[in-house]
Amino acid sequence: MVGKLWFTILLLVSAVLSILMVLLLQSLEQFNLTEAETQLQKHAAMVASIYEEQGTEPEGKDMISKYGENFATNIAIFEDGQKVWGSENHLDVMLPPSWFTEDDDLVRVLQEEAEVVKEVYFSLPPASSNDEAEMMVVGVPLSGQTGSGVFMYQTLSAIEETSNETRRLVYLSAGIAIILTTFFAFFLSSRVTAPLRKMRQAALEVAEGNFQTKVPILTHDEIGQLAIAFNRMRRELNRNIAALNQEKEQLARILSSMADGVMTFNRKGEVVVMNPPAERFFEDWRYEMESNSSKAGNLPEEMNELFQKVVEEEHEELIELLVQGRSWAILMAPLYDQEDVRGAVAVIRDMTEERLHDKLRKDFIANVSHELRTPISLLQGYSEAIVDDVVGSEEDQKEIARIIYDESLRMGRLVNELLDLARMEAGHTELNKTVVNLEEFSERIIRKFQGSANEDGLNLITHTVGSHPDVLIDVDRMEQVLTNLLHNAIRHTEQGGTVALNVKLEADHVEMDVTDTGSGIKEEDLPFVFERFYKGDKARTRGRSGTGLGLAITKNIVEAHQGELSVHSKMNKGTTFSMILPRKSV
């Protein structure tokens, strides 16, 4: 900007100075020439007057000769068309008499008694440095004498020297003017562009994201108004960017906090935005597809087909994919840019829990029906036998009555356990907590099962580590928990095995582990052991299968105590149920 302004001003001043110099030099040269003509005419008239008064007297000739010497001119006097006298030794050039009598303009002095001024070129002698010289000749007639006149001539070198000197002065003045113009143009352009440079630097800083940059307002002219407008624009831009960042951060937080996966696509099907749940879905999909590189790509094939269908038909579509054993529902809808479709948005929801709940609900109905069908069938069958009087002996009647009684107790236990479990899951569990010595409590529970363990040939032990055994628990509920866990451990442990109840007393919690050396639980069954009606392999229970509700009730009781219940197991090596209870209820 500085260079452009400086060059423009300098070019404009140079053009103006050039035109002025040309006109001034021409004017000065013409002025010098006219002034020389005027002076030469005056000198010629003076010489003519002197010659007319004194004629050929020595004083007159001497005066005319000094006159020519003083003014560096040659003088030639003609009478009756003939040169009679001359003082022509003051110049290097002397014009022959024939120049004056044969020249069409100069001869008018002699013939018409007119004053003539003429510039002529005369060839110089070979010894001269120049080929010819420019001469100015002035002719003045002598009064009262026909064919008589005085001619004065001089070279124009003096005029040229004056013109050259004038030209040097003009050139020097122009150079000084250009130098001064350069200085002032640079100073002016720098003053003008300094605020612009600051605004340019501020604009670059704003482009880099520094919206606190402010341009100083030094003047109140157009540049000052521009600085005010720039600062106002910066403030508005800073406010708008802050609002956009706030909305972007809010949208990002909303997307990241959503339980469902959200993805947006552009018109080409490329992913633009993806939140963490959607990323987890793609990680599972890529892990599943890594063994089949021909199917691995940016999107699952089903999603590509869904995207193409949504973009072409411009309405939302729903599909469900099974990836890594989990069920994913994908709902995709088009995104519009005014009237044109610019992409699509997809919502990915993990439907595994819903599908599992549906399956559990169906399994629950099937299991309850199965558990009730057997005792009901027995009750119905034996009742019909009694009604039909098929049973003959009294012993058979007692046996049938005992079976009916046992099955009714079994149905009662099942119904009671279902009611208990329903109340617990609904949050209606009431705990009557008291302070209990956990070491004595565990020994009492072991004694309760000692007879059953001896009958099965099992080694039943308990071990307590730590101090301060007093804890706040519901004794009846916790006895139900340990009874269920120990009963299951005894049922699944072969003869000669060991079942242990280990108690570890910590400062803020207690840990109780029921460990057995039985057959263990399959790895694929471990996630479902606390589900209702879960049963292990009946071949490992030695014919004493339960209802499948015990562990579900146990887990609810432990959670009601604000504790945690977990299980670890290895096939043919045993199982450990770990229960952690806080010392004080919150």
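All values below come from the heavy atoms of this structure, side chains included, with hydrogens, waters and symmetry mates left out. The shown structure was predicted, so the numbers you read here are calculated from the model rather than taken from an experiment.
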Do [X] and [Y] come within less than 4.5 Å of each other through their side chains, counting heavy atoms only?
| X | Y | answer |
| --- | --- | --- |
| V514 | D516 | no |
| M512 | L438 | yes |
| I404 | S383 | yes |
| V262 | V345 | yes |

Worksheet entry | CD on E320 to CD1 on I330, rounded to 0.5 Å | 9.5 Å
Item to complete: Find the distance between CD1 (I446) and CG (L501) and round it off to the nearest 0.5 Å.
Response: 5.0 Å
Worksheet item: Do NZ/NE/NH1/NH2 and the carboxylate oxygens of E283 and R280 come within less than 4.0 Å?
Response: no
Worksheet entry | Pair R253 + E249: basic N to acidic O under 4.0 Å | yes
Discussion item. Under a plain distance cut-off of 3.5 Å, with no hydrogens placed, do R491 and N488 share a side-chain donor-acceptor pair?
Written reply: yes
Practice prompt. Please determine, by modelled atom types, if E317 and H315 share a side-chain donor-acceptor pair under 3.5 angstrom.
Written response: yes
Worksheet entry | Summary of side chain to side chain donor-acceptor pair (under 3.5 Å) pairs that have at least one residue in residues 260-273, sequence neighbours excluded | D260-R349, N266-E270
Atom [atom1] of [X]: over 12 foreign heavy atoms under 6.0 Å:
| X | atom1 | result |
| --- | --- | --- |
| E313 | CD | yes |
| Q250 | CD | no |
| E316 | CD | no |
| E479 | CD | yes |

Discussion item. I'd like to check the ring-ring contact (aromatic ring centres under 6.0 Å, His included) partners of F307; sequence neighbours left out, ordered by chain and number.
Written reply: F265
Worksheet entry | Heavy-atom donor-acceptor pair, S569 side chain to G574 backbone, under 3.5 Å | yes
Worksheet item: Which of these passes side-chain contact (heavy atoms from CB on, under 4.5 Å) with K504: H509, H463, E511?
Response: E511
Discussion item. Please determine whether side chain to side chain contact (heavy atoms under 4.5 Å, CB included) holds for the pair V471 and H561, giving the CA-CA distance in whole Å, both sets of side-chain angles, and the decisive distance to 0.1 Å.
Written reply: CA-CA 11 Å; V471 294; H561 281 80; over 6 Å; no
